[in-house]
2 protein chains.
Amino acid sequence: MTTVSKYNRPTRFPDLPVRGPTGNELIQVERAKASFDVNSLSKFIYGEEYLAKQDKIVPILESEPVFDKSRRYFQGRDEKIRDAWKKDKRFLELAQKHNWDSKDQNIAHALYDQTSPYHLHYIMFVPTLEGQCNEEQRKLFLEPSKRDEIIGCYAQTELGHGSNIRGLETTATYIPETNEFEIHSPYLSSAKWWIGALGRTANYAIIMARLIIHGVEYGPHTFCAQIRSLEDHTPLPGLIIGDIGPKMGYNTVDNGFMMFDHFRIPHISMLAKYAQVKPGSGEYVKPVNSKLSYGGMVHVRASIVSETGRALARSSTVAVRYAAVRRQFYDVTTPRKWGDETIETSVIDYTMVQYRLLPVIANAYALMFTGKEMLRLYHLNIEAMKQGNFGILADLHATSSGLKSLTSFMAVEGIEECRRSCGGHGYSMFSGLGHFYNDYLPTMTVEGDNNMIYQQTSRYLLKTYRDVVAGTAQPSEHNLTLTYLAQYMQNPKAKCPAATATEFLNPEVILTAFGFRAAAGIAKVAEQIDNQGRSWNDALVDLHRISRAHCQYFIVRTFFVALQHATDEGLGMAERKVLQTVASLFALHLMEKDLSDFVLCNYLSPEQLDMIKQQVQELLKIIRPDAVALVDAFAIPDYMLNSALGRYDGNAYVALTKMAEQEPLNQTQVVDAYEACIKPMREYALKNRKDLSKL
Amino acid sequence: MTTVSKYNRPTRFPDLPVRGPTGNELIQVERAKASFDVNSLSKFIYGEEYLAKQDKIVPILESEPVFDKSRRYFQGRDEKIRDAWKKDKRFLELAQKHNWDSKDQNIAHALYDQTSPYHLHYIMFVPTLEGQCNEEQRKLFLEPSKRDEIIGCYAQTELGHGSNIRGLETTATYIPETNEFEIHSPYLSSAKWWIGALGRTANYAIIMARLIIHGVEYGPHTFCAQIRSLEDHTPLPGLIIGDIGPKMGYNTVDNGFMMFDHFRIPHISMLAKYAQVKPGSGEYVKPVNSKLSYGGMVHVRASIVSETGRALARSSTVAVRYAAVRRQFYDVTTPRKWGDETIETSVIDYTMVQYRLLPVIANAYALMFTGKEMLRLYHLNIEAMKQGNFGILADLHATSSGLKSLTSFMAVEGIEECRRSCGGHGYSMFSGLGHFYNDYLPTMTVEGDNNMIYQQTSRYLLKTYRDVVAGTAQPSEHNLTLTYLAQYMQNPKAKCPAATATEFLNPEVILTAFGFRAAAGIAKVAEQIDNQGRSWNDALVDLHRISRAHCQYFIVRTFFVALQHATDEGLGMAERKVLQTVASLFALHLMEKDLSDFVLCNYLSPEQLDMIKQQVQELLKIIRPDAVALVDAFAIPDYMLNSALGRYDGNAYVALTKMAEQEPLNQTQVVDAYEACIKPMREYALKNRKDLSKL
């Protein structure tokens, strides 16, 4: 019996302290260094309501077994998705019990931090119905879906077609005899693919298919139909539906596939707010071309940009806190003292670590302001359009494409940089960053693949340039492109006036440089395409550069402008001062990364490049003491981070051991593979030796 | 009974073709375009023996159930590691059955492509014993470990210490009374951590601990000891051993932790080839300082560099093949024709895709040549050192640090770029790239964290510069640093002579530019540190730049030099020609990415930057028709790729559906979560409506 207990005993760590000073002691020292008030800054960023709601919701989730995150990093795909369905069910109950409004629900969802099938129902299915149903369809589809009586998915992408919607293969043929549409997948490559919540959850679907009436094709249109039995959940006859299999992340969602075998749906299924097919005759009624639909895209993209800010906030919170408590090597030039003792230096004191991490903090702040500004412009635009003024829309819509692309790339890079800066432990799932990174990755692809979508911005920039050259551009205070193009065209041979590194702290100097570089790039590509016969495809790399340049200008400008007005909006002087430094770091670090662009247009001299590099190093030094406070101000609760390394209390190593104790392999001393594999291998080896010795 | 079968039926795709032309038809067109012979190039890269061995081993593995990869992407951590142990057992049997030599075994291991506990035994435990045992210890530890009678791990890293080995906390105190060492973990942070194969497999360990004799400390030393019972595999008394939990990848290995509670081991346990402790007296005998041990590090790093080449070869094989068969949008300027039909353009025909993917192919070739060259120099050096000539060693050893760092970063970036270029499907595990990326990531950390290790290179570069300035440098044909430093110092104000974009195809022009840029960077940092009082920590970012610049010079030079001699070594003219273009692309793309460095040192003018950008675009066009052939020449079997997108036959979409059919969720039509969650949610909603309607 002793043997059994020896085998079955779980592995536990002894009750020993870490070698001091502890993480908690170290992080307290960091907090004491702050030059500003963390709570004031948090309030400025999120508003008091948001923070109060978050404080209220965290303990509710923490006390719910279904919302417990302690098993998350140990789960395989199967377990993960089963938990997601449980969470969806409990979420509905909690929302009712606590009377959560949509803001509360969004916060709860963000805190739980794992997308689930029903969440996609709300962000994809319901809004599409909102936008495209006529009155009858609202009653038939929208209302039950808002009451959770049906659960839907948005089936657009196909196995063989993603970005090119016009290339979709699924057909919807109008059958006048029965007043139905017949949805059909002519090829294997026509299978709907990647559709979130379709695999095993949804009983309804929005289906994008090429409309065909009397043999004439009208391009992709939107349909809504039931796809699974409401009695037993089996797919309806004529449908093959399944899950597309494991992904790098996002495995709590059943992204699915669907094939249609002459699947008939009633006439009412074609969403008819815009285009319509007349019953019986099959006459096609064209959609009234409405620029209003652009507005919705801007809103979605503004959300993505805001989320990129949050993503960087979260990853830098983990990385900066851990860099403050992780000590490695004794720095000979400036030894770290702890009382009388010389201790190893916190890695955040190495300039290389600062150079890698502090710009991520700056990016986080920059993108939060950009997200806010996009929402502000979105609402401003809605109002303006009601007055018949479309002056904001074009610039905003065009910018939003490039911003979606640029900022989600920035987020992916930043999250990974944070993870790497945690050294070896960053590779452990317990860092929380690997899981987060894997779940974040699809942002690069959804709502327009980052590597395609920037072309929308480039196309607009070229058009604007041509308008300016032709003198047909309409002046508008909201059209940033016009502003910097006009400035450039006054003097395309202008040089940056900065004579010292310090002058690069002047927002005017920085902004003019970003504007000049964008304008010069646009002018050059326009010249090549319009006058030298360069094809669009041939110019794609340069077209990407101008989109990027324009969007960087937008972000930099937004950050500086926001700070100009910030004190009026209640930001204290100390908080404003630190943000100003952060904004300078943001802009100059961005310039440093793309320096060759600024040289190619002959705007900056090699000496000025050197000044910029110097100034970046100076700014890192100034920000360093505020580093932990700046991430604390992001106000991300430990429950959300779910990270051993990024805990508020700084006790990273203790947390790693606690999490390791939960590893399933550690629940017994000896794994069954010992009898099955390890022991036989040894026996085999011993037998071999014996056999050999007999020879 | 019908209901049951309706539920239980697995989901299968219909027998439909994809919309033509098929992937296979498209990829055949690509192969027909090749300007060179794929097999000849493969033979030049790998040698005939390697390819023959690979051809022999693939079918063996494919026919072994334990080596089947079809379940790999569906497995959770638990299943994965259990399979790894099974694989280890079967591997031993296969090696014996087929009489595999070490080359065969390495190939088989690479093809299986998933590290396992016994593999670490061979690459970490056995070589350490080889290097550090005295004769008695070889009999006691090394021989049984080579016969697989014991299985060992290498326990160095601790929870609180990675890179800084001198900071390790575990102590080994000599006890003269019993002639033993007492291994002890004084703190929680002293726990050995990350130790591969320790978690649940190893019964022996190499243990790094600080040696203490009579209260005096002698720094970290190496011990070998039994840690688990050979009878029942339980940890020996005084030890706490477990698995550190899930990681982003590498989950087939039981990275473990271990804590020592006054754990006694016999005197023989201290590996005594170098340092020794005399029994009884405890007198410490210093190690004879041997530069020879550097050689081993060079060998390990050369392997890592070669592997980075292989990693890029593999990921570009997947991405380029898929880019050839994936079609998206109609290119208006150059419509793609298929017979009479205009079809959508293969994405590889978009210049943006070429710009992203073709440099990865170039990087792959460059790093394969670099790996080979390092091994050549390694062997040359071994011979030279036997003659008492240490001229090669210093430069090679220093360069190897920076190269390990630079090239593994290049690999990680390249793999991820390839994955992203596959669009949405790149995120599916079936692409094979996500899994591979996650398993590759630790290369950035092992054998010296990439973000630390470059300092060894920088330190050497500064030292060499000082020697050159002082006139004390020993001329040596193998010292590349001396070569370019000397050239620079002849004229630090030199300018690049290229007057046209074509001149940048001249290897001399390119190499001189890389040399100048490295030298100018070194001179500048040396000046700042030596004469302006800049501290080492303050200069870390610039020190990284010079290491990077130096290593880029090494890789570029190696590639060009290899091609100079390639025809003598049997490379055909057509194959040499295409590699020459690839080498130019490699070098110029590298320059383009770091252009600001070349400007900062005043070597290149803005006009020349523009020429380089143009030339890169030209080279992409030239290489485009050979793209598929260039990745085919990497000769990576489908079994190894395990990728739906990268298959040799080009039938990516069919493969995706076949793999999706294996998804566990698809084995029944309705998941059990329907009864548990989805149905109750609907009922709950319906009940709510009813309740509301009663009000």
Side-chain angles (χ1 to χ4, degrees), chain A residues 6 11 16 18-19 73 76 82 85 89 147-149 159 162 164 187-189 194 200 233-234 242-248 328-329 331 333 351-352 355 423-424 427-429 434 445 535 537-538 540-541 595-596 599-600 602 606 609 653 660 663 665-666 669-671 673-674 677 681 685 689, chain B residues 6 11 16 18-19 73 76 82 85 89 147-149 159 162 164 187-189 194 200 233-234 242-248 328-329 331 333 351-352 355 423-424 427-429 434 445 535 537-538 540-541 595-596 599-600 602 606 609 653 660 663 665-666 669-671 673-674 677 681 685 689:
Chain A
K6 189 165 73 167
T11 304
L16 281 176
V18 300
R19 188 178 177 193
Y73 301 137
R82 282 181 161 73
W85 281 310
K89 177 162 174 276
R147 289 191 305 258
D148 306 311
E149 292 166 23
L159 182 53
N164 184 14
Y187 303 102
L188 192 66
S189 47
W194 279 110
R200 282 299 175 250
H233 209 55
T234 51
D243 184 282
I244 65 161
K247 297 139 288 184
M248 288 187 77
Q328 207 84 232
F329 292 103
D331 182 1
T333 36
T351 57
M352 190 69 184
Y355 185 71
Y427 190 61
S428 165
M429 289 307 274
T445 318
S535 75
N537 183 9
D538 197 66
L540 283 175
V541 173
L595 274 183
S596 70
V599 176
L600 266 169
N602 271 306
L609 301 192
Y653 296 128
E663 160 64 41
L665 288 173
N666 294 338
Q669 291 295 305
V670 179
V671 283
Y674 169 65
C677 304
M681 281 168 81
R689 176 159 59 133
Chain B
K6 188 165 72 166
T11 303
L16 281 176
V18 299
R19 188 179 175 193
Y73 300 138
R82 283 181 161 74
W85 282 310
K89 177 163 174 273
R147 289 190 305 258
D148 306 311
E149 292 166 22
L159 182 53
N164 184 16
Y187 303 102
L188 193 66
S189 47
W194 280 109
R200 282 301 175 249
H233 209 56
T234 50
D243 184 282
I244 64 161
K247 298 140 288 185
M248 288 188 77
Q328 207 85 230
F329 293 102
D331 183 359
T333 37
T351 57
M352 190 69 184
Y355 186 71
Y427 189 61
S428 164
M429 290 308 275
T445 318
S535 75
N537 183 9
D538 197 66
L540 283 176
V541 174
L595 275 183
S596 71
V599 176
L600 266 169
N602 270 307
L609 301 193
Y653 296 128
E663 161 64 43
L665 288 174
N666 294 339
Q669 291 296 306
V670 178
V671 284
Y674 170 65
C677 304
M681 281 166 83
R689 178 159 57 133

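Computed over heavy atoms, backbone and side chain alike; hydrogens, waters and symmetry mates excluded. Lettering follows sequence order; numbering is per chain, from 1.
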_Given heavy-atom pairs under 4.5 angstrom as the criterion, report whether the side chain, backbone, both or neither of F329(A) touches chain B._
both

*How far apart are the closest heavy atoms of C677(A) and K89(B), and which atoms are they?*
CA-CD, 3.8 Å

*Region of S596(A) that comes under 4.5 Å of a non-hydrogen atom in chain B*: both

*Under a 4.5 Å heavy-atom cut-off, does chain B meet the side chain of N602(A), its backbone, both or neither?*
side chain

_I need the residue from G424(A), G423(A), A673(A) with the largest number of non-hydrogen atom pairs under 4.5 Å to chain B._
G424(A)

*Do Y187(B) and L16(A) come close enough that some side-chain heavy atom pair is under 4.5 Å?*
no

*Which region of R82(A), side chain (C-beta onward) or backbone (N, CA, C, O), has a non-hydrogen atom less than 4.5 Å from a non-hydrogen atom of chain B, or is it both or neither?*
side chain

_Region of W194(A) in contact with chain B, defined by heavy-atom distances below 4.5 Å_ = side chain

*Within the distance-only criterion (no hydrogens, no angle test), does the side chain of N666(B) pair as donor or acceptor with the backbone N or O of A660(B) below 3.5 angstrom?*
yes

_Contact leader toward chain A among S535(B), P246(B), S428(B), where contacts are heavy-atom pairs under 4.5 Å_ = P246(B)

*With a 4.5 angstrom heavy-atom cut-off, could you sort out which part of T333(A) is near chain B: side chain, backbone, both or neither?*
side chain

*Top contributor to chain B contacts, counting heavy-atom pairs under 4.5 Å, from K247(A), E663(A), M248(A), R147(A)*: M248(A)

_Y674(B) portion near chain A, given a 4.5 angstrom heavy-atom threshold_ = side chain

*Considering only heavy atoms, which portion of T351(A) lies under 4.5 Å from any heavy atom of chain B: side chain, backbone, both, or neither?*
both

*With a 4.5 angstrom heavy-atom cut-off, could you sort out which part of S189(B) is near chain A: side chain, backbone, both or neither?*
both

*Should T11(A) and R200(B) count as side-chain neighbours, where that means a heavy-atom distance under 4.5 Å?*
yes

*Out of L540(B), D243(B), T445(B), L595(B), which one racks up the most heavy-atom pairs below 4.5 Å with chain A?*
D243(B)

*What residue, out of L609(A), D331(A), D538(A), has the most heavy-atom pairs lying under 4.5 Å from chain B?*
D538(A)

_Proximal component of L665(A), with respect to chain B [non-hydrogen, under 4.5 Å]_ = both

*Do side-chain atoms of H233(A) reach the backbone of Q669(B) as a donor and acceptor pair under 3.5 angstrom?*
no

*Answer with side chain, backbone, both or neither: which region of N537(A) has an atom nearer than 4.5 Å to a non-hydrogen atom of chain B?*
both

